[in-house]
Amino acid sequence: MASYLTPEQDQRLRRWETINKSYFIFAFLAMICLLVFSSQLGLSSGDSWGPLGVLLALLIIPIIVLQLRLRCPACEHSIGWQAKLMAPDQCRHCGVFLRARR
């Protein structure tokens with residue numbers, strides 16, 4: 001028999017998806033602005049990426065942290081890179097379906 005998440009577990013997973021998606025959109029737009037306007041802001045020149053590189057790293061690190069923090073709500077096993085912007089359909093470890101039964 002297929003097992004599904006409880007409503008509380010599903011809500012926790014959807015909250016992670018919302019945070020992950022929102023931060024990704026913010027970081028994407030911020031990176032575009034930084035790259036387009038970096039020379040006008042004095043963040044980079046033809047020879048050095050110093051401050052711009054630091055700012056880009058500060059935008060990317062939370063994406064990595066969010067990915068690595070995702071755990072299966074049923075078995076608490078790390079899902080990690082199996083997820084992209086959204087949680088996968090099923091946990092590889094315990095087999096629980098991570099999409100709500102509709």
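Computed from a prediction, not measured in an experiment: that's the story for all the values here.
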Problem - Flag side-chain contact, heavy atom, 4.5 Å: V65 against I61 - result: yes
Problem - CZ (R12) with more than 12 external heavy atoms under 6.0 Å - result: yes
Practice task
Evaluate the ring planes of F26 and Y23, with Trp represented by its six-membered ring, and classify them as parallel (under 30°), tilted (30 to 60°) or perpendicular (over 60°).
Solution key: tilted
Exercise for the section: For the residue pair L68 and S78, establish whether any side-chain heavy-atom pair is separated by less than 4.5 Å. Expected result: no
Problem - Test item: E76 side-chain N/O and R71 main-chain N/O as donor-acceptor pair under 3.5 Å - result: no
Exercise for the section: Find out whether I79 and H93 are in side-chain contact, i.e. whether some heavy atom of one side chain is under 4.5 Å from a heavy atom of the other. Expected result: no
Practice task
Give a yes or no answer on whether the side chain of W16 reaches the backbone of R69 with a donor-acceptor pair at less than 3.5 Å.
Solution key: no
Handout entry: Donor-acceptor pair, side chain of Q90 and main chain of G95, under 3.5 angstrom
Key = yes
Exercise for the section: Step by step, work out the side chain to side chain contact (heavy atoms under 4.5 Å, CB included) result for I63 and F24. Expected result: CA-CA 7 Å; I63 293 172; F24 182 82; 4.1 Å; yes
Problem - Any side-chain heavy-atom pair of L52 and L34 under 4.5 Å - result: yes
Exercise for the section: For the residue pair K21 and M86, establish whether any side-chain heavy-atom pair is separated by less than 4.5 Å. Expected result: yes
Handout entry: pair L56-L35: side-chain heavy atoms closer than 4.5 Å
Key = yes
Practice task
Report yes if the side chains of P73 and L98 come closer than 4.5 Å at any heavy-atom pair, otherwise no.
Solution key: yes
Problem - Main-chain N/O of I64 paired to Q67 side chain as donor or acceptor, under 3.5 Å - result: no
Problem - Test side chain to side chain contact (heavy atoms under 4.5 Å, CB included) applied to L5 and Q11, step by step - result: CA-CA 9 Å; L5 297 176; Q11 183 182 20; over 6 Å; no
Handout entry: CD1 on I19 to CG on L70, rounded to 0.5 Å
Key = 11.5 Å
